[in-house]
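Lettering of chains follows the sequences in order, A, B, ..., and the numbering in each one begins at 1. These numbers come from a predicted model, not from an experiment.
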2 protein chains.
Amino acid sequence: MSQRKIKNMEEFAAVSGISRPTLSKFFNDPDSVRRSTRDRIEHALTQFDYRPNVYAVNQNRRTTKNIGVVLPNLADPFFSEIGREVELACIAAGYSPILLSSHGSPQQERANLESLRALKPAGVLLAPFGKASDRKDIESFNDAVPVVLFDANVEGAGEAFVGADNFQSVDLIVEYLCRSGQPPCFFEMKSPLNPNANKRRNAYLESMSRHGFEAQVHQAEGEGWHFEEIGRSEGGRLLKEGRFETDTILCSNDRLAIGMLSAAYSLDIRVGHGDGCALRVAGHDDHPFSRFTCPSLTTIAQDYAAIANRAAHTLFKILDTEARPSTREETLFEGKLVMRDSA
Amino acid sequence: MSQRKIKNMEEFAAVSGISRPTLSKFFNDPDSVRRSTRDRIEHALTQFDYRPNVYAVNQNRRTTKNIGVVLPNLADPFFSEIGREVELACIAAGYSPILLSSHGSPQQERANLESLRALKPAGVLLAPFGKASDRKDIESFNDAVPVVLFDANVEGAGEAFVGADNFQSVDLIVEYLCRSGQPPCFFEMKSPLNPNANKRRNAYLESMSRHGFEAQVHQAEGEGWHFEEIGRSEGGRLLKEGRFETDTILCSNDRLAIGMLSAAYSLDIRVGHGDGCALRVAGHDDHPFSRFTCPSLTTIAQDYAAIANRAAHTLFKILDTEARPSTREETLFEGKLVMRDSA
DNA sequence: AGATTATATTTACGCGCGTAAAAAATAGAT
DNA sequence: ATCTATTTTTTACGCGCGTAAATATAATCT
């Protein structure tokens with residue numbers, strides 16, 4: 001293979017017998033040259049070790065082939081999974097994804113967008129914090145670069161939004177819980193960062209009233225991203241004090257549910273839908289760990305792959321047509337009920 | 001603030017009244033210019049919206065300020081945590097980290113190094129798969145760019161290695177388990193990807209013999225990164241068939257232990273060190289979820305932050321002195337016993 | 001004040017590649 | 001074989017910045 005190290009395109013033109021402008025065309029789009037010359041170039045590439053200098057290439061392009069991918073928190077397996085799907089979609093489409101985590105801090109989200117500016121990305125896929133995000137920042141960034149939001153919506157920001165249909169999914173699990181036992185109360189954080197949390201609460205309230213049951217919402221104190229810890233401490237307190245009116249708890253997300261299960265275990269409360277069980281707990285998201293909780297967690301599976309791919313391809317389409325869409329589309333994917341042992 | 005958008009350094013030189021070469025010096029190192037001119041430049045920066053073009057800058061630098069960070073699998077919270085620590089250390093030192101996950105595939109690890117080549121990073125922090133990694137690939141990459149390995153060692157590869165002292169940590173937990181109940185058997189994967197797994201098994205064998213107990217190793221079939229699943233299915237099988245000679249199981253890592261706990265729960269085996277408990281389970285790593293398992297997992301805490309920071313600073317030192325170290329240093333950090341409820 | 005040293009400016013070239021325009025070569029069709 | 005459409009080559013310039021050398025200016029010291 002790589003016999004000689006080639007310094008630049010000029011040199012590669014010399015050894016391959018192809019003119020430099022043609023090589024330049026080839027590297028931008030191999031299909032833009034004649035089949036026979038493409039073959040000659042590709043053959044030369046097996047003989048000589050050369051690849052275009054990324055920095056020189058991007059300096060002269062009006063837009064790079066980079067796509068920024070900004071996630072709220074990579075330490076959350078939910079986001080690392082969806083981030084991976086997005087990454088794969090970008091690579092498959094010939095783009096270079098640049099993955100940035102905001103580490104749970106809206107301030108870092110701003111910083112990430114700021115540093116992306118310097119990289120002149122063709123587009124950005126952003127899973128924002130939601131209302132904690134700096135809307136103006138996203139909008140001003142979006143003026144310069146096409147942005148597609150996913151997972152969490154910031155109304156009106158970005159060219160499009162792709163996410164989960166919380167109303168459908170919450171209704172699905174509420175319906176199941178009502179049908180199979182006592183109607184659920186709802187357990188969530190008091191001041192959730194994520195707009196999905198608000199949608200889920202509203203979906204719960206609406207669904208309960210539609211089914212003719214009285215809704216009960218319990219809100220846990222606590223800030224930040226330690227959902228499991230909050231679920232455990234606050235959930236444990238509520239359990240101990242007997243504050244739940246029903247034996248069925250629907251948690252706003254799986255991570256809270258994991259904490260709740262941990263609390264129930266400590267209190268020797270048997271969770272599940274079988275005989276001898278005193279409590280049912282359900283979650284939302286089908287977190288990678290939810291199948292290994294004790295008992296395994298009944299939850300709603302979001303279609304990670306579908307959301308990630310739709311978001312990516314929505315962006316690709318904008319980049320291909322080089323035109324911002326006139327209307328801001330919102331695409332919601334339905335969740336699926338995953339019945340396990342906890343409810 | 002940003003009144004006018006400045007196109008390039010030439011233009012910024014015009015509006016700020018500072019010559020372009022001086023500006024260039026400033027952006028490379030603000031301390032390299034006189035205090036008074038630095039103030040003038042920084043004041044001008046508040047008036048005009050300008051920042052150097054990354055691509056043009058990096059084209060002309062022999063080495064960039066980028067540091068590649070390659071992790072085996074970002075979906076594993078262990079790595080996302082340690083990755084974050086490394087990222088922060090890089091930023092604090094004025095470098096730009098570029099985070100790449102190999103998604104559990106050694107092939108992707110090669111691809112990541114390959115794509116890093118094009119980015120001309122100043123250095124790379126690599127958490128390799130270990131023996132599954134392509135040693136020659138790492139070595140040839142290391143010829144061009146300084147590489148510091150962390151977490152998993154590939155003997156002789158890279159300028160240095162920073163990781164956990166498995167012999168110390170395994171001995172610590174074996175000693176505790178022996179002292180507080182029946183001596184443990186060891187549960188691991190049959191063909192582990194990670195060299196730490198082998199070290200831990202050997203450490204277990206050595207420690208057991210030192211304490212005068214007979215060692216028992218159980219190896220689970222199964223490939224890939226679904227450790228919890230493997231721990232559950234194989235662990236469940238062994239439990240059901242009564243194959244463990246002792247009531248104490250030391251798992252090679254927390255993720256296997258999480259699966260084992262899940263299996264025990266399904267089989268109605270009470271885990272813990274209290275009365276009425278039939279099984280003790282311990283892990284290794286202090287996985288972020290290990291405090292929320294049922295029961296919470298007794299394990300060994302690795303000092304993520306210390307390992308990450310030492311790895312980063314070892315690299316920084318090499319970059320500062322611009323000299324590869326003559327001897328390959330291996331730094332090991334001790335683990336701490338985290339006593340929870342499972343053992 | 002003058003001498004010395006540190007710092008800034010002027011001038012100019014190079015990095016590796018994109019890209020435009022005109023000329024030359026090739027492929028496909030008649 | 002000739003014509004035409006397509007592709008490649010030749011030539012040349014520009015991108016934004018690093019950087020070197022010579023010169024000019026400012027700061028520090030005696």
Side-chain angles (χ1 to χ4, degrees), chain A residues 4-45 48-66 94 96 117-120 122 144 322, chain B residues 4-45 48-66 94 96 117-120 122 144 322:
Chain A
R4 241 171 63 201
K5 178 75 190 169
I6 299 317
K7 220 183 57 201
N8 56 29
M9 203 181 276
E10 197 81 48
E11 208 170 302
F12 185 60
V15 297
S16 66
I18 307 280
S19 72
R20 198 173 68 68
T22 302
L23 288 175
S24 179
K25 274 195 79 179
F26 167 82
F27 284 112
N28 285 326
D29 177 11
D31 283 322
S32 66
V33 302
R34 191 152 39 198
R35 183 73 230 183
S36 59
T37 60
R38 174 173 176 172
D39 289 341
R40 285 173 59 204
I41 296 173
E42 283 171 346
H43 177 256
L45 280 173
F48 302 96
D49 183 17
Y50 168 74
R51 84 199 57 200
N53 178 311
V54 201
Y55 299 106
V57 169
N58 284 327
Q59 180 181 18
N60 292 325
R61 277 247 187 74
R62 53 175 78 96
T63 166
T64 67
K65 277 284 192 178
N66 299 330
S96 300
R117 247 179 232 277
L119 298 178
K120 300 182 196 291
E322 290 180 38
Chain B
R4 240 171 67 201
K5 178 77 190 167
I6 299 313
K7 220 182 59 204
N8 56 29
M9 204 181 274
E10 197 80 49
E11 210 170 301
F12 185 61
V15 298
S16 66
I18 307 279
S19 72
R20 198 173 69 67
T22 303
L23 288 175
S24 181
K25 276 195 77 180
F26 167 82
F27 284 113
N28 284 327
D29 176 12
D31 282 324
S32 66
V33 301
R34 196 170 358 194
R35 182 73 230 181
S36 59
T37 59
R38 175 172 176 174
D39 289 341
R40 285 171 61 202
I41 296 173
E42 282 171 347
H43 177 256
L45 279 173
F48 301 97
D49 185 16
Y50 168 73
R51 84 197 60 198
N53 179 312
V54 199
Y55 300 106
V57 169
N58 284 327
Q59 180 182 15
N60 292 325
R61 277 245 188 77
R62 52 174 78 96
T63 166
T64 67
K65 277 284 193 178
N66 298 330
S96 301
R117 250 180 231 274
L119 297 178
K120 301 183 195 294
E322 289 179 38

Step by step, work out the side chain to side chain contact (heavy atoms under 4.5 Å, CB included) result for B/Leu23 and B/Ile41.
CA-CA 8 Å; B/Leu23 288 175; B/Ile41 296 173; 3.8 Å; yes

Taking atom [atom1] of [X] and atom [atom2] of [Y], what is their separation to the nearest 0.5 Å?
X	Y	atom1	atom2	result
B/Glu42	B/Phe26	CD	CZ	4.5 Å
B/Thr22	B/Met9	OG1	CE	10.5 Å
A/Lys25	A/Thr37	NZ	OG1	9.0 Å
B/Phe48	B/Glu11	CZ	CD	10.0 Å
B/Ser32	B/Arg38	OG	CZ	9.5 Å

[X] has an atom [atom1]; how far is it from atom [atom2] of [N], in whole Å?
X	N	atom1	atom2	result
A/Asn58	D/dC17	CG	P	15 Å
B/Met9	D/dT19	CE	C1'	12 Å
B/Lys120	C/dC17	NZ	C1'	13 Å
B/Gln59	D/dT19	CD	P	12 Å
A/Arg51	C/dG16	CZ	P	15 Å
B/Asp31	C/dA8	CG	P	12 Å
A/Phe26	C/dG18	CZ	C1'	17 Å
A/Asn8	C/dG16	CG	C1'	6 Å

Return yes if some donor-acceptor pair links the side-chain N/O of A/Thr64 with the main-chain N/O of A/Asn58 below 3.5 Å, else return no.
no

Is there a donor-acceptor pair closer than 3.5 Å between any side-chain N or O of B/Tyr55 and the backbone N or O of A/Leu119?
yes

Strand-adjacent residues in residues 15-25 of chain A, judged by heavy atoms under 4.0 Å from DNA chain D
A/Gly17, A/Ile18, A/Ser19, A/Arg20, A/Pro21, A/Thr22

Does B/Tyr50 have a side-chain nitrogen or oxygen under 4.0 Å from the phosphate oxygens OP1 or OP2 of D/dG16?
no

Using a cut-off of less than 4.0 Å, is there contact between a side-chain N or O of A/Tyr55 and OP1 or OP2 of D/dC15?
no

With the threshold set at under 4.0 Å for non-hydrogen atoms, list the residues of residues 33-40 of chain B touching DNA chain C in residue-number order.
B/Val33, B/Arg34, B/Thr37

How are the rings of B/Tyr50 and B/Phe27 set to each other: parallel, tilted or perpendicular (split at 30° and 60°)?
perpendicular

Base, sugar-phosphate, or nothing for B/Asn28, non-hydrogen atoms under 4.0 angstrom?
sugar-phosphate

Using a heavy-atom cut-off of under 4.0 Å over every strand shown, decide if A/Phe12 touches base, sugar-phosphate, or nothing.
nothing

